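For reference, the structure is listed below as structure tokens.
Here is how names work: the chains are called A, B, and so on, in the same order as the sequence lines, proteins then strands, and each is numbered from 1. Worth saying up front: this structure is predicted, and the values here are computed from it rather than measured.
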There are 2 protein chains.
Amino acid sequence: MTNETTRDGAKDGATQSAVETAYHRIRHLILTGEMRSGDKLLENQLAAAIGVSRTPIREALNRLNAEGLVVLERYRRGIVADFSLDDAVEIFRLRAILEGHATSRAATRISQADLRRLEELERLMETQFEELGWNEHLEGFDKLNGEFHAVIAAAAESPRLEKILASSLELPASIFNRYSEPVEVRTRRTHAQHREILAALKARNPEWAQAAMNAHLFSLLPSASGSLEHEDGAE
Amino acid sequence: MTNETTRDGAKDGATQSAVETAYHRIRHLILTGEMRSGDKLLENQLAAAIGVSRTPIREALNRLNAEGLVVLERYRRGIVADFSLDDAVEIFRLRAILEGHATSRAATRISQADLRRLEELERLMETQFEELGWNEHLEGFDKLNGEFHAVIAAAAESPRLEKILASSLELPASIFNRYSEPVEVRTRRTHAQHREILAALKARNPEWAQAAMNAHLFSLLPSASGSLEHEDGAE
DNA sequence: ATCCATCAACTGGTATACACTTTTTGTCGG
DNA sequence: CCGACAAAAAGTGTATACCAGTTGATGGAT
């Protein structure tokens with residue numbers, strides 16, 4: 001053989017495995033809110049929908065269970081995890097601690113290329129915000145914002161820290177939006193905070209960078225006063 | 001009627017699943033040092049040794065991979081992860097941050113029963129240390145010490161924090177012993193530090209408790225001076 | 001009518017068989 | 001003797017079949 005005929009899927013580059021496919025698909029369903037808390041995750045149904053067998057589905061569900069997005073109990077149907085206000089507060093508190101630490105480390109380690117990338121990302125976020133409305137912008141914003149934080153986490157050069165931030169401390173956007181302030185209010189502030197974090201990193205000032213990141217995250221934290229009780233049944 | 005005849009294994013209480021069995025067995029092999037860094041983890045071989053099929057073995061290996069104890073690459077044999085000095089330092093730094101926070105929270109939340117349990121555990125550790133020699137005591141100490149830290153982590157009432165501490169920041173004892181001070185030196189200090197943490201918790205003083213835990217963990221951290229370069233090729 | 005036992009359908013748990021990739025090993029040519 | 005190539009061996013990835021436990025409905029007894 002010798003001529004490289006990949007005889008099946010023929011995605012020449014990297015045919016990602018079935019479990020990767022399943023994992024990302026299901027994770028996306030949950031994080032975007034297409035599946036809501038309590039929805040049933042039936043292995044057969046998911047297998048049919050995604051087009052693989054039950055085996056990779058099970059591996060994917062186990063990973064999501066470990067990450068806390070899915071609840072699995074023995075012989076019981078898997079369901080999408082429920083996130084209470086307390087859960088949201090806990091996640092943001094831990095993110096503040098760990099991402100603050102990561103930002104502090106990043107301040108003395110981040111490369112010029114990564115700094116330029118961060119500037120680029122923030123510029124894109126602000127540009128798209130101006131050009132598109134809120135609704136059009138939202139999904140793109142989440143992606144750009146995610147990369148912004150991911151670049152900083154990677155620059156901390158602490159692989160376990162990076163992994164924890166990426167896998168154990170995610171909150172579905174639908175839940176986040178329920179508990180946080182409305183987007184119009186929070187995102188204008190977010191841009192200013194991102195710029196401050198960037199300035200602190202460029203100044204190579206760990207304490208400032210950490211404090212700015214902490215301020216950013218705590219500002220997103222649901223107002224701890226238990227005033228928000230709107231159980232919208234809408235939709 | 002339904003008399004409760006469990007018709008197979010007959011462990012009346014909770015017959016733990018095959019993947020639980022496999023997970024704990026393999027994890028134990030790694031944490032105790034029975035398997036060393038770089039050792040191959042062959043699914044068939046493990047399946048035969050543990051007495052289950054490959055399926056639960058694969059689930060167990062995936063969990064251990066997520067925890068960082070095992071390295072899996074597609075189509076490649078799994079191996080026991082390698083922990084460099086840098087890895088050990090990283091783990092202890094993150095443990096200090098997170099377990100310090102947990103201890104701070106625990107100070108205002110821990111129950112009287114848990115406090116008594118901690119006293120009991122510390123008393124046992126010291127008693128067994130006096131009665132048995134070092135070698136006899138070691139495995140028992142690890143177990144008691146593990147529970148000591150686990151009780152505090154649980155008392156913080158932050159389930160994600162507890163899970164991260166229990167799953168993502170473990171270091172195999174064999175590696176720990178290679179990088180840390182000799183047991184005789186470190187454990188006498190450990191007892192004093194445990195007593196101080198306990199005192200701070202009983203005093204309900206979060207700052208003191210956090211600082212004491214931080215001191216405890218940083219004292220176990222390998223001496224950051226890069227003096228230890230012994231690449232033993234022995235065995 | 002309500003409650004409980006029982007049973008059937010459903011769902012998850014495990015084992016096994018097959019497909020694809022890597023790794024090893026043996027052979028040939030230099 | 002060494003390196004490149006090729007075929008066989010070994011190992012992982014996925015699919016499927018089968019087993020075990022749960023769930024919920026059904027029917028009878030109270």
Side-chain angles (χ1 to χ4, degrees), chain A residues 1-26 30 35 38-66 69-81, chain B residues 1-26 29 35 38-66 69-81:
Chain A
M1 89 168 142
T2 73
N3 54 355
E4 68 279 87
T5 50
T6 44
R7 65 166 55 101
D8 66 336
K11 287 270 185 56
D12 64 306
T15 42
Q16 72 179 347
S17 67
V19 3
E20 286 293 308
T21 306
Y23 169 75
H24 289 294
R25 287 278 294 275
I26 300 171
I30 297 173
M35 298 194 79
D39 284 358
K40 293 187 248 298
L41 294 154
L42 304 186
E43 299 181 355
N44 279 318
Q45 172 184 317
L46 290 168
I50 297 181
V52 298
S53 85
R54 273 183 58 214
T55 308
I57 296 288
R58 285 178 59 77
E59 283 202 23
L61 288 179
N62 275 313
R63 284 174 61 176
L64 293 164
N65 176 57
L69 291 177
V70 162
V71 177
L72 296 181
E73 277 174 283
R74 210 178 166 195
Y75 292 120
R76 292 237 161 67
R77 299 194 273 257
I79 59 173
V80 177
Chain B
M1 107 230 1
T2 75
N3 52 356
E4 68 276 273
T5 52
T6 45
R7 66 168 54 100
D8 67 333
K11 287 269 187 57
D12 64 306
T15 42
Q16 71 179 348
S17 68
V19 1
E20 288 293 306
T21 307
Y23 170 75
H24 289 294
R25 287 280 294 275
I26 300 171
L29 287 176
M35 298 195 79
D39 285 358
K40 293 187 247 297
L41 294 154
L42 306 187
E43 297 179 357
N44 276 319
Q45 173 183 315
L46 290 168
I50 297 181
V52 298
S53 86
R54 273 183 59 213
T55 310
I57 296 287
R58 286 178 58 79
E59 282 202 24
L61 288 179
N62 276 313
R63 283 173 62 176
L64 293 165
N65 175 56
L69 291 178
V70 163
V71 177
L72 295 182
E73 278 174 282
R74 208 179 163 192
Y75 292 121
R76 292 229 161 71
R77 302 197 269 251
I79 59 173
V80 177

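Within 4.0 Å of A:Thr55, counting heavy atoms only, lies at least one base atom of the nucleic acid.
When all heavy atoms of B:Ile79 and B:Leu41 are compared, the pair lying nearest together is C-CD1, 3.7 Å. For the pair B:Ile26 and B:Ala60, the tightest heavy-atom approach, listed with the atom from each and the gap, is CD1-CB, 4.4 Å. The nearest pair of heavy atoms linking A:Ala22 to A:Ile57 is CB-CD1, 4.0 Å. Across every non-hydrogen atom of B:Met35 and B:Lys40, the tightest pair is CE-O, 3.7 Å.
Listed by chain and number, the residues in a side-chain contact (heavy atoms from CB on, under 4.5 Å) with A:Arg76 are A:Glu73 (sequence neighbours excluded).
Atom pair A:Leu46:CG and C:dG12:P shows a separation of 9 Å (rounding to whole Å applied). To the nearest angstrom, C1' of D:dG13 lies 15 Å from CG of B:Asn65. Atom CD of A:Glu59 is separated from atom C1' of C:dG12 by 15 Å (rounded to the nearest Å). Protein atom NZ of B:Lys40 is 13 Å distant from nucleotide atom C1' of C:dT22, rounded to whole Å.
Applying the side chain to side chain donor-acceptor pair (under 3.5 Å) rule to pairs touching residues 46-58 of chain B yields A:Glu59-B:Arg58, B:Glu43-B:Arg54, B:Glu43-B:Arg58, sequence neighbours excluded.
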What nitrogen or oxygen pairs link the protein and nucleotides 9-12 of chain D at under 3.5 Å?
{"from": "D:dT12", "atom 1": "OP1", "to": "B:Leu41", "atom 2": "O", "distance (Å)": "3.4"}
{"from": "D:dT12", "atom 1": "OP2", "to": "B:Glu43", "atom 2": "N", "distance (Å)": "3.4"}
{"from": "D:dT12", "atom 1": "O3'", "to": "B:Tyr75", "atom 2": "N", "distance (Å)": "3.4"}

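OP1 or OP2 of D:dA15 has at least one side-chain nitrogen or oxygen of A:Ser53 nearer than 4.0 Å.
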